[in-house]
Amino acid sequence: MSQDRLHVLLIPALQAAFQQLFDHVATPEAFTFQATRPEFEGDVTINVFPFLKISGKGPEPTAQAIGVHLQANVEVVERFNVVKGFLNLKIADGYWIDFLQNTGDQDLLQLPSTGKEVMVEYASPNTNKPLHLGHMRNIFLGHSVSRILEATGNKVVRVQVINDRGIHICKSMLAWQKYGKDETPESNGLKGDKLVGKYYVEFDKAMKQEVQDLIASGTPKEEAEKQAPILLEAQEMLRKWEGNDPDVRALWERMNGWVYAGFNATYERMGVAFDRVYHESETYVLGKNDVLEGLKKGVFYEKDGAVWVDNTKEGLDEKVLLRSDGTSVYMTQDIGTAIKRFEEFPGLSRLIYTVGNEQDYHFKVLFLILKKLGFPWANELHHLSYGMVDLPTGKMKSREGTVVDADDLMEEVVQAARTSGEQLSKLDEFSEEEKAQLFEMIGMAAVKYYLLKVDAKKRMLFDPAASIDLQGHTGPFIQYTYARIKSLLRRTEDLVKNASSQVPSTVLSEELEVIKLLHHFPAVLSGSAMALDPSSLANHTYELVKAYNGFYQSVPVLKEEDPIKRDFRIGLSRAVALATKKAMWCLGIEVPERM
RNA sequence: GGUCCCGUAGCUCAGCUGGAUAGAGCACCUGCCUUCUAAGCUGGCGGUCGUUGGUUCGAAUCCAACCGGGAUCACCA
């Protein structure tokens, strides 16, 4: 169902035209519309080339015939012209004026409820290292998609899975035991996740040293990498953890507690939250029974004591689901966790996993397995797959220390916003606290918008200089436009009371351009939701405020003497502010009242 | 090697359910603050849409091959 009200108006008329002119029954999908190119007169263009077989005429006569019919039968079609096979329709100014008038102060970007409940998983960090730039793309994406789904009428459950178990956390624990000297976040003021991450690095260093020593004493490299004493010790610790050793468990809880405190601080600054947090220490036991059940049903098979699934018919491979010793693999717990989620949330109709595209194959296999197990919801699973974030220096590699830390980056962008803001010296009446709030908003808008404006599916380059830019196609640019409108609206409070109930009879081209972008916004939002793609929404928001800036520059609002025109422009400005604020909300970005 | 993704202006990206002369931002050059916030607005420069074929009235968009880049294919997570 199209969200574009003009298309909704035109399609039945076109169907009637085809019936009458060509004796042909056309489906609504047969018609596509495009915006008329600026060099021709008109607002909407229909390309008639696809209809030549139906009409049995050449392009011009076909377009001409349809145009005549539409003009006669659709009130808002004022005029039309034909250029080659293109039928350009001029929509009456009254249509656009009515649209704006009727929209008034309602939320253009809140679509009717679907009655559906959707789960969105994002973030999903490991507890051995702090969040970095890659997580930021993941988190902002997942958060924005959640908001977009809410704006399109869904109930959303936000979840994350924290990978809190396994060899990686044992490495941090062991290194802390050995070298930590009881260092805690409280004792040294280091954020908990940073502290634990520090010992993960310590472990790595110690192990490298041991491996080198072993190689020096004649052990082959491969052997050395498996036999480093500290690694064996970490593996022993993992076994103790699995055996519920009280000391190991206590240390594990303590250190994970530090990490969670650290993560929560980071999430808070990011402005994101979760309704339900899963821990792998709980979910890693799931799935085993489901796999055995599938084995019984003949969906899976046994070979060499292990349980396998054969996906070769579907163009994929065979895959182990239970090892010959009966233990689980990663896939096993993902099967179990998905099942558990639909049990826990019986109203759930969709489940969206925000995970990097290096796991495309994993999710293909997972979804296929769940389909084979016969779960009715298996067709409503989506992998929201996103590309890696590269640095100008190349790929981010934790081993080479080229990872961009999330906390550091947020601090940098906020500082950059402060530097530029103070240079402009227009915030003199702001208190220190208000300034701090504003710079926080601007800095965060810069990074978030920078990461969200690019199509999530694609790998992207993170240019630190560009990410703190406040000009051009950026979040702060949009914020600035919003703040400027708000400033304008603040001066109209007394005017609003006795605002004219009359409307102008015509619109200026600058006004029209803005109105059309507003008009199209719900369709963009709905497309964004369908494709789980915030970038299209981000780009449209930019186009809207850019057009508004053009209008603002050349058309007086408060200085307009004709009260009818003035009030109309105030209404237009208010509508743009409203839509911008909501669109930015969908992106997880706040907008300031002044800046 | 099998499978999947990506190649558009100097740089970063839109456009991709086929449609008119391929668009933005940054950078560079240029003009606009006694008028509603110049974090803004004008104008200019800049393109064999990776290459070659094919389908079509029409291809950046669809198909194939090739070139270049990346990911993935463990009884790892």
Side-chain angles (χ1 to χ4, degrees), chain A residues 29 32 34 36-37 39-40 45 47-50 52 58-59 83-86 88 126 163 165-168 280 284 303-308 315-331 333-334 356-362 364-365 385 387-388 390 392 395 417 420-421 423-424 426-427 442 450 453-455 457-463 465-467 469-474 476-481 483-492 535-536 538-540 542-543 545-546 548-560 566 569-570 573 594-595:
Chain A
E29 294 76 31
T32 54
Q34 51 185 305
T36 304
R37 292 189 70 99
E39 58 267 37
F40 304 107
T45 293
N47 185 334
V48 302
F49 276 108
L52 301 187
V83 182
K84 293 194 269 181
F86 297 92
N88 302 319
N126 290 356
N163 186 359
R165 65 164 284 278
I167 191 72
H168 60 265
E280 287 208 3
Y284 88 111
K303 187 173 79 186
D304 305 329
V307 179
W308 293 74
L316 305 172
D317 299 305
E318 294 172 290
K319 168 88 193 159
V320 166
L321 301 178
L322 281 179
R323 298 193 189 97
S324 44
D325 64 1
T327 55
S328 295
V329 292
Y330 190 63
M331 188 66 76
Q333 69 162 299
D334 270 4
N357 63 9
E358 69 271 15
Q359 296 202 38
D360 283 355
Y361 181 77
H362 174 80
K364 259 189 207 169
V365 175
S385 166
M388 287 191 173
D390 287 326
K395 273 177 77 167
S420 329
Q423 266 170 13
L424 291 172
K426 52 174 160 182
L427 304 169
I442 295 173
Y450 184 85
K453 73 174 172 181
V454 180
D455 184 354
K457 291 192 294 291
K458 292 185 182 162
R459 163 183 254 249
M460 71 174 286
L461 183 93
F462 183 85
D463 176 359
S467 74
D469 203 341
L470 312 177
Q471 275 143 29
H473 190 184
T474 66
F477 173 93
I478 297 168
Q479 289 179 317
Y480 175 71
T481 308
R484 213 157 58 160
I485 297 173
K486 292 303 281 200
S487 158
L488 190 147
L489 293 177
R490 251 176 261 127
R491 299 158 185 262
T492 64
S535 73
S536 51
N539 286 314
H540 189 80
Y542 170 70
E543 275 170 43
V545 300
K546 191 173 142 69
Y548 182 85
N549 280 337
F551 157 81
Y552 180 91
Q553 186 73 24
S554 52
V555 180
V557 180
L558 302 179
K559 298 217 183 312
E560 171 60 49
R566 183 197 61 205
R569 289 172 196 163
I570 292 172
S573 301
R594 51 188 90 206
M595 75 184 265

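Convention: sequence-line order gives letters A, B, ...; per-chain numbering from 1. These values consider heavy atoms only, across backbone and side chains, with no hydrogens, waters or symmetry-generated copies.
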Protein-nucleotides 43-46 of chain B N/O pairs closer than 3.5 Å?
none

Practice problem: Verify the contact: side-chain N or O of Arg490(A) to OP1 or OP2 of U37(B), cut-off strictly under 4.0 Å; return yes or no. | Solution: no
Quiz item: What does nucleotides 71-77 of chain B look like as a protein-contact string, B for base, S for sugar-phosphate only, - for none, at under 4.0 angstrom between heavy atoms?
Solution: SSS-BSB
Quiz item: Are side-chain heavy atoms of Tyr552(A) and Arg569(A) found at a separation under 4.5 Å?
Solution: no
Self-check item: Pairing residues for Glu318(A) by the side chain to side chain donor-acceptor pair (under 3.5 Å) criterion, not counting sequence neighbours
Solution: Tyr301(A)
Self-check item: Contacts of type side chain to side chain donor-acceptor pair (under 3.5 Å), residue Glu39(A), not counting sequence neighbours
Solution: Arg37(A)
Quiz prompt | Between C36(B) and A20(B) - C1' atom distance, rounded Å | solution = 39 Å
Practice problem: Would you please name every residue forming a ring-ring contact (aromatic ring centres under 6.0 Å, His included) with Phe477(A), sequence neighbours left out? | Solution: Tyr542(A)
Practice problem: For C73(B) and G54(B), measure between their C1' atoms and round to the nearest Å. | Solution: 32 Å
Quiz prompt | Among Asp469(A), Thr474(A), Asp463(A), the one residue meeting side chain to side chain contact (heavy atoms under 4.5 Å, CB included) with Tyr450(A) | solution = Asp463(A)
Quiz item: Between Arg491(A) and U37(B), is there a side-chain N or O to OP1/OP2 distance below 4.0 Å?
Solution: yes
Measure all distances between protein nitrogen or oxygen atoms and nitrogen or oxygen atoms of nucleotides 26-35 of chain B, and list the pairs falling under 3.5 Å.
unit_1	atom_1	unit_2	atom_2	d
U35(B)	O2'	Lys559(A)	NZ	3.0

Quiz item: Is there a side-chain contact between Asp304(A) and Ser324(A) (heavy atoms, below 4.5 Å)?
Solution: no
Exercise. For nucleotides A38(B) and C32(B), find the distance between their P atoms and express it as a whole number of Å.
Key: 16 Å
Exercise. Determine the Euclidean distance between corresponding P atoms of C57(B) and C11(B); express it in Å to zero decimal places.
Key: 37 Å
Exercise. Grab the stems for RNA chain B, please: at least three consecutive Watson-Crick or wobble pairs, both distances below 3.5 Å, written as range with range.
Key: B:1-7 with B:67-73, B:10-13 with B:23-26, B:50-54 with B:62-66
Exercise. Establish, with yes or no, whether the OP1 or OP2 oxygen of G25(B) is under 4.0 angstrom from a side-chain nitrogen or oxygen of Lys546(A).
Key: yes
Self-check item: U12(B) phosphate, OP1 or OP2, under 4.0 Å from Lys453(A) side-chain N/O
Solution: no
Exercise. Quick one: classify the glycosidic conformation of C33(B) as syn or anti, with syn meaning within 90° of 0.
Key: syn
Quiz prompt | Sequence-distant partners of Asn88(A), side chain to side chain contact (heavy atoms under 4.5 Å, CB included), two or more places apart | solution = Thr36(A), Phe40(A), Thr45(A), Asn81(A), Val83(A), Phe86(A)
Quiz prompt | For Lys364(A), all residues meeting side chain to side chain contact (heavy atoms under 4.5 Å, CB included), sequence neighbours excluded | solution = Leu316(A)
What pairs of nitrogen or oxygen atoms, one from the protein and one from nucleotides 19-22 of chain B, lie under 3.5 Å apart?
unit_1	atom_1	unit_2	atom_2	d
G19(B)	O2'	Asn47(A)	ND2	3.3
G19(B)	N9	Asn47(A)	ND2	2.9
G19(B)	N7	Asn47(A)	ND2	3.1
A20(B)	N6	Thr45(A)	OG1	3.0
A20(B)	N6	Asn88(A)	OD1	3.0

Quiz item: Is Lys426(A) near enough to A39(B) that one of its side-chain N or O atoms lies under 4.0 angstrom from OP1 or OP2?
Solution: yes
Exercise. Identify, with sequence neighbours excluded, every residue that meets side chain to side chain contact (heavy atoms under 4.5 Å, CB included) alongside Asp325(A).
Key: Arg323(A), Thr327(A)
Practice problem: With sequence neighbours left out, write down each residue that passes side chain to side chain donor-acceptor pair (under 3.5 Å) with Tyr284(A), or none if nothing qualifies. | Solution: none
